[in-house]
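Taking it in order: structure first as structure tokens, then the write-up.
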2 protein chains.
Amino acid sequence: MRNDVADGGAGGRPRLGRLKLGSLADGAYEAVRGSIIRGEFGPGDRLVETRLAEEMGVSRAPVREALKRLVEEQLVVEKPRYGTFVREFTARDFADIYNLLGAIESLAARLIVRENASLEPLQALVGEMERAAREGDLVGVVDAEVRFHEELCAAAGNRYLSSVFHSLSGLVRMALSLDDATYGDLADVASEHLPLLEALGSGVEDRAVFAVQSHLHGIVGGEGITRLGGDPDAVLPPLVYPIEPDGPASRG
Amino acid sequence: MRNDVADGGAGGRPRLGRLKLGSLADGAYEAVRGSIIRGEFGPGDRLVETRLAEEMGVSRAPVREALKRLVEEQLVVEKPRYGTFVREFTARDFADIYNLLGAIESLAARLIVRENASLEPLQALVGEMERAAREGDLVGVVDAEVRFHEELCAAAGNRYLSSVFHSLSGLVRMALSLDDATYGDLADVASEHLPLLEALGSGVEDRAVFAVQSHLHGIVGGEGITRLGGDPDAVLPPLVYPIEPDGPASRG
DNA sequence: ATACAGTCGATCGTCGACGATCAAGGGGAG
DNA sequence: CTCCCCTTGATCGTCGACGATCGACTGTAT
């Protein structure tokens, strides 16, 4: 867990390969982020600007910018004037993320129902998930799942909601990745999204909200947390919302 | 609204003064952010790295980093290879922010009640708000109000919740600033926080959640939005949550 | 008068180098 | 043997310069 200082050996560390598309900073960002998410860089690993730069064949400037973005995303931590390191996660972290995600996606569900947004992209993503599950492609499943939740937020039509999810997506991906890996049957992961879709299409806000919360509780929350050895009391259970008839109550 | 290109005149543009504390990038960030929030830079204004750098007496690198952070915060937009500009906001933006804030702070309220967190810092902030209101200090009120909401999220003890609020705080500040400016009596702004405090201390989660939502509805949402000329239907009304008895329902 | 193409200028993206700062390791005193 | 100070090394923070790209302007043809 600890390759702190003086890891300067020669060993076969992960290669990040030359990058091309977009700005070099974008490329560096994708490369490093991918390496972290795929686990090629483990928690506590040191990320040295100079080393990364020469491994990718670029200067320090783009790498530096990439690392700053990763700091924003909380995938790495930075000790000023010392170094940047891949973050470590505890079960508590995942519980916190789950709770936050629950709040955010509940809003998304509410807005989706309210605006009668199209569910087609979501259905497509579930299809992708099923296909990946059939092929036993774990990262494919996780990938589709992340995009499912991303699309859920996007479909709500609230730019800031989307943006917040995006800033959390790296964390979400790591949580989902760990969770799915400890999960029994991949096919279940996909099929668990079906009742959610159904509820979103039901036209009843509170059903959709409850479905989202239940879904999260199954995936990363409650049951997932216990699978990961965390404390189930740290996560909020799905709340049964009452029947508030739709249409704005316009208090006043 | 449009000082696009060729604003290179001599006029008395806002001075950002030399900066000192922390890293230069931190200083540049604070300086530019402050100028935007205080309205010294208006929507659509162009932010040229070179110009800002020499105005602050630093190199482009720290300024560049500062601007990147502001992009993350959505206070400025960047057209790659072209320029960076102060963002423009519509009433729709404020409605969206209000909705998101409602989701986030509802979670905060729930967690605060659940963990029996101390309300002392929040009370102190309301005191500060009242003091500023008595002195007719608008920015003082807004400042305290932002910190109140920040502290609300912090008190929940969920690091990611806090972090999300922080990433939105610039937006929140602008929304509050505009709202308070159009509001009638500053003293009311402070006193509107009292029922919220009371509800947070009541020990009943749903009361706290409802209070938070009502509070936001009064401040930036619903009524605030209409004051700003926006569409009230774009914001969610406070929801009357049912009586879920407290203590974790620990389903399963 | 209008539309289009070529040229010009401004701004950003990237680079390599310097200096400041902090953690780690070695040596000496108690 | 333990503790503290100092040296040493590595890494980041910042800088100034170069090149690439894009928008704006001018001149011309229709």
Side-chain angles (χ1 to χ4, degrees), chain A residues 1-11 13 16 18-32 41 44-72 75-87, chain B residues 2-10 13 16 18-32 41 44-72 75-87:
Chain A
M1 201 68 70
R2 272 263 156 130
N3 38 348
D4 235 287
V5 206
D7 54 308
R13 277 182 312 302
L16 294 96
R18 303 281 184 282
L19 33 84
K20 24 190 165 284
L21 58 147
S23 77
L24 293 185
D26 290 344
Y29 168 74
E30 296 291 347
V32 178
F41 287 126
D45 279 5
R46 182 170 216 158
L47 299 176
V48 180
E49 293 180 0
T50 309
R51 190 197 308 277
L52 295 175
E54 58 192 34
E55 272 186 40
M56 298 192 260
V58 298
S59 164
R60 269 182 55 210
V63 174
R64 188 178 170 76
E65 182 180 332
L67 290 182
K68 296 290 187 201
R69 287 194 217 170
L70 292 169
V71 169
E72 293 282 330
L75 286 180
V76 307
V77 291
E78 208 174 30
K79 314 217 181 184
R81 300 258 177 207
Y82 180 48
T84 53
F85 305 84
V86 178
R87 256 206 65 188
Chain B
R2 272 262 156 130
N3 37 350
D4 233 288
V5 206
D7 54 308
R13 276 183 315 301
L16 296 97
R18 303 283 185 279
L19 32 85
K20 24 189 167 290
L21 58 146
S23 77
L24 293 185
D26 290 344
Y29 168 74
E30 296 292 347
V32 178
F41 287 125
D45 279 5
R46 181 170 217 157
L47 299 177
V48 180
E49 293 180 1
T50 310
R51 191 199 306 278
L52 295 175
E54 58 192 34
E55 271 185 42
M56 299 192 260
V58 299
S59 165
R60 268 183 55 210
V63 174
R64 188 177 170 77
E65 182 180 332
L67 291 182
K68 295 291 187 201
R69 287 194 216 169
L70 292 169
V71 169
E72 294 282 330
L75 286 180
V76 307
V77 291
E78 207 175 30
K79 314 215 183 184
R81 300 257 179 207
Y82 179 45
T84 331
F85 304 85
V86 178
R87 257 206 65 189

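Below, read A as the first sequence line, B as the second, and so on, with proteins coming before strands; counting in each chain starts at 1.
With sequence neighbours left out, Arg69(B) forms a salt bridge (Lys or Arg N to Asp or Glu O under 4.0 Å) with Asp26(B), Glu65(B). Residues meeting the side chain to side chain contact (heavy atoms under 4.5 Å, CB included) test with Glu30(B), sequence neighbours left out: none. In this view, Arg60(B) and Glu49(B) satisfy the side-chain hydrogen bond (donor to acceptor under 3.5 Å, both in side chains) rule, not counting sequence neighbours.
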Contact list (N/O, under 3.5 angstrom) for nucleotides 13-17 of chain D vs protein:
| residue | atom | partner | partner atom | Å |
| --- | --- | --- | --- | --- |
| dG13(D) | OP2 | Arg64(A) | NH1 | 2.4 |
| dG13(D) | OP2 | Arg64(A) | NH2 | 2.8 |
| dG13(D) | O4' | Arg81(A) | NH1 | 3.3 |
| dG13(D) | N7 | Arg60(A) | NH2 | 3.0 |
| dG13(D) | O6 | Arg60(A) | NH1 | 2.9 |
| dT14(D) | OP1 | Leu24(B) | N | 2.3 |
| dC15(D) | OP2 | Ser59(B) | N | 2.6 |

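With rounding to the nearest 0.5 Å, the separation of OG1 in Thr84(A) from CG in Asp45(A) is 11.0 Å. Interatomic distance, Arg64(A) CZ to Thr50(A) OG1, rounded to the nearest 0.5 Å: 10.5 Å.
The CZ atom of Phe85(A) sits 15 Å away from the P atom of dA10(D) (whole-angstrom rounding). Between the P atom of dA24(C) and the CZ atom of Arg46(A) lies a distance of 8 Å, rounded to the nearest Å.
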Leu52(A)/Leu67(A) under side chain to side chain contact (heavy atoms under 4.5 Å, CB included): CA gap, chis, key distance, verdict:
CA-CA 10 Å; Leu52(A) 295 175; Leu67(A) 290 182; 4.3 Å; yes
Can you check side chain to side chain contact (heavy atoms under 4.5 Å, CB included) on Met56(B) and Val32(B), steps first, answer last?
CA-CA 10 Å; Met56(B) 299 192 260; Val32(B) 178; 4.1 Å; yes
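At a threshold of 4.0 angstrom between heavy atoms, the contacts of Leu47(B) are confined to the sugar-phosphate backbone, with no base atom among them.
For the pair Leu75(A) and Arg87(A), the minimum side-chain heavy-atom distance is 4.5 Å or more.
Comparing the start and finish of the helix from dA1(C)-dT30(D) to dG30(C)-dC1(D), five pairs each, the helix axis swings through 20°, to the nearest 10 degrees.
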